[in-house]
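Residue numbers start at 1 and run along the sequence shown.
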Amino acid sequence: MKEYFMFGFVGAFTFLTVFTVKEVKKAGPTDLPEEVKALRRKQSDPRRPPWPILHERVVKMREGKVNHDDLPLLWEQTKYYYPHDWLIPLEMSQVLKYTTGAFLQNYVSDPEQLKRELMEQLDNVAEGRVKDPSGAPINRDVKELITMAVEDLRHLDLSTGTTLVPVHTR
């Protein structure tokens, strides 16, 4: 009797599983919002550099261990692949803060434009205009760091022949 019960249970389970799979296949793929499709395309892009490598390169640049040659490329990759990130732009703001405009012009075509884009990115993250994929809100300490970095960038003069310290901190 137990064998018949077990056979019937396994048979019913198999039938329902196959029937359910066939129904799902008939329904077709789920239509996703365009922003989700774009995010998935970016995440599956084989040219997408891993975030830790981008961050490490910017930190080494800030510490003076690596040349500034890759600064524009790193910023473009961060803007495109990680528009929700705040740490890499924060590190880049430190690179700008302790670099003169004359030196930056050797590597960046328009240092003022880079400064404006960094400020915009950091403002967008701090104000919540850019959503983090994890859904986690930015905490108060991070917002304070971002605010200080934006303030430093706002007062930073990248014209040639200037000092390395922002005007408001003298």
*Asks:* Checking side-chain contact (heavy atoms from CB on, under 4.5 Å) against Met61, which of Asn67, Thr99, Leu74 comes through?
*Replies:* Leu74

*Asks:* Give the cluster check for Leu153 versus Ile138: same hydrophobic cluster or not, with ILVMFWY residues linked at side-chain heavy-atom distances below 4.5 Å.
*Replies:* yes

*Asks:* Any side-chain heavy atom of Ile88 within less than 4.5 Å of one from Met92?
*Replies:* yes

*Asks:* Could Lys115 and Glu112 be called an ion pair, given the rule that one side-chain N must be under 4.0 Å from one carboxylate O?
*Replies:* yes

*Asks:* Could you give all pairs that pass the side chain to side chain donor-acceptor pair (under 3.5 Å) test and reach residues 116-130, with sequence neighbours left out?
*Replies:* Trp75-Glu117, Lys79-Glu117, Gln113-Arg116, Gln113-Glu117, Asn124-Arg129

*Asks:* Would you check, one step at a time, whether the test salt bridge (Lys or Arg N to Asp or Glu O under 4.0 Å) holds for Glu144 with Arg140?
*Replies:* CA-CA 6 Å; Glu144 187 176 326; Arg140 188 176 63 230; 5.9 Å; no

*Asks:* What's the verdict on side chain to side chain donor-acceptor pair (under 3.5 Å) for Asp69 and Tyr107, showing C-alpha distance, side-chain angles and the deciding distance?
*Replies:* CA-CA 6 Å; Asp69 290 336; Tyr107 304 104; 4.5 Å; no

*Asks:* Would the number of heavy atoms belonging to other residues, nucleotides or ligands and lying under 6.0 Å from NZ of Lys42 be above 12?
*Replies:* yes

*Asks:* Report the residues that fulfil ring pair (Phe, Tyr, Trp, His ring centres under 6.0 Å) with Tyr80, sequence neighbours left out, ordered by chain and then residue number.
*Replies:* none

*Asks:* Where is the tightest heavy-atom contact between Val108 and Pro72, given as atom of each residue plus distance?
*Replies:* CG2-CG, 4.1 Å

*Asks:* If you round to the nearest 0.5 Å, how far is CG of Asp141 from CD1 of Ile146?
*Replies:* 11.0 Å

*Asks:* Between Leu87 and Leu118, is there shared hydrophobic-cluster membership here, with clusters defined by ILVMFWY side-chain heavy atoms closer than 4.5 Å?
*Replies:* yes

*Asks:* Indicate yes or no: at least one non-hydrogen side-chain atom of His84 is less than 4.5 angstrom from one of Val125.
*Replies:* no

*Asks:* Given the rule that I, L, V, M, F, W and Y join up when any side-chain heavy atoms are under 4.5 Å apart, are Val66 and Leu96 in one cluster?
*Replies:* no

*Asks:* Between Val150 and Val142, is there a shared hydrophobic cluster once you connect ILVMFWY residues whose side-chain heavy atoms come closer than 4.5 Å?
*Replies:* yes

*Asks:* Atom CG in Asp70, atom CZ in Arg57: separation rounded to 0.5 Å?
*Replies:* 4.5 Å

*Asks:* Say you draw a straight line from CG of Leu54 to CG of Asp85; how long is it, rounded to the nearest 0.5 Å?
*Replies:* 8.5 Å

*Asks:* Taking the side chain as C-beta and beyond, is there a heavy-atom pair between Arg41 and Asp45 under 4.5 Å?
*Replies:* no

*Asks:* How far apart are the closest heavy atoms of Leu122 and Ala149, and which atoms are they?
*Replies:* CD1-CB, 4.2 Å

*Asks:* What heavy-atom pair brings Pro89 and Thr78 nearest, and what distance separates the two atoms?
*Replies:* CD-CG2, 4.3 Å

*Asks:* Out of curiosity, Gln94 CD to Asp152 CG, how far, rounded to the nearest 0.5 Å?
*Replies:* 7.0 Å

*Asks:* Once rounded to the nearest 0.5 Å, what's the spacing between atom OH of Tyr81 and atom CD of Gln43?
*Replies:* 12.0 Å

*Asks:* Between His55 and Trp51, what is the ring plane arrangement, given parallel below 30°, perpendicular above 60°, and tilted in between?
*Replies:* parallel

*Asks:* Starting at CD1 of Ile53, measure out to CZ of Arg48 and round the result to the nearest 0.5 Å.
*Replies:* 11.5 Å

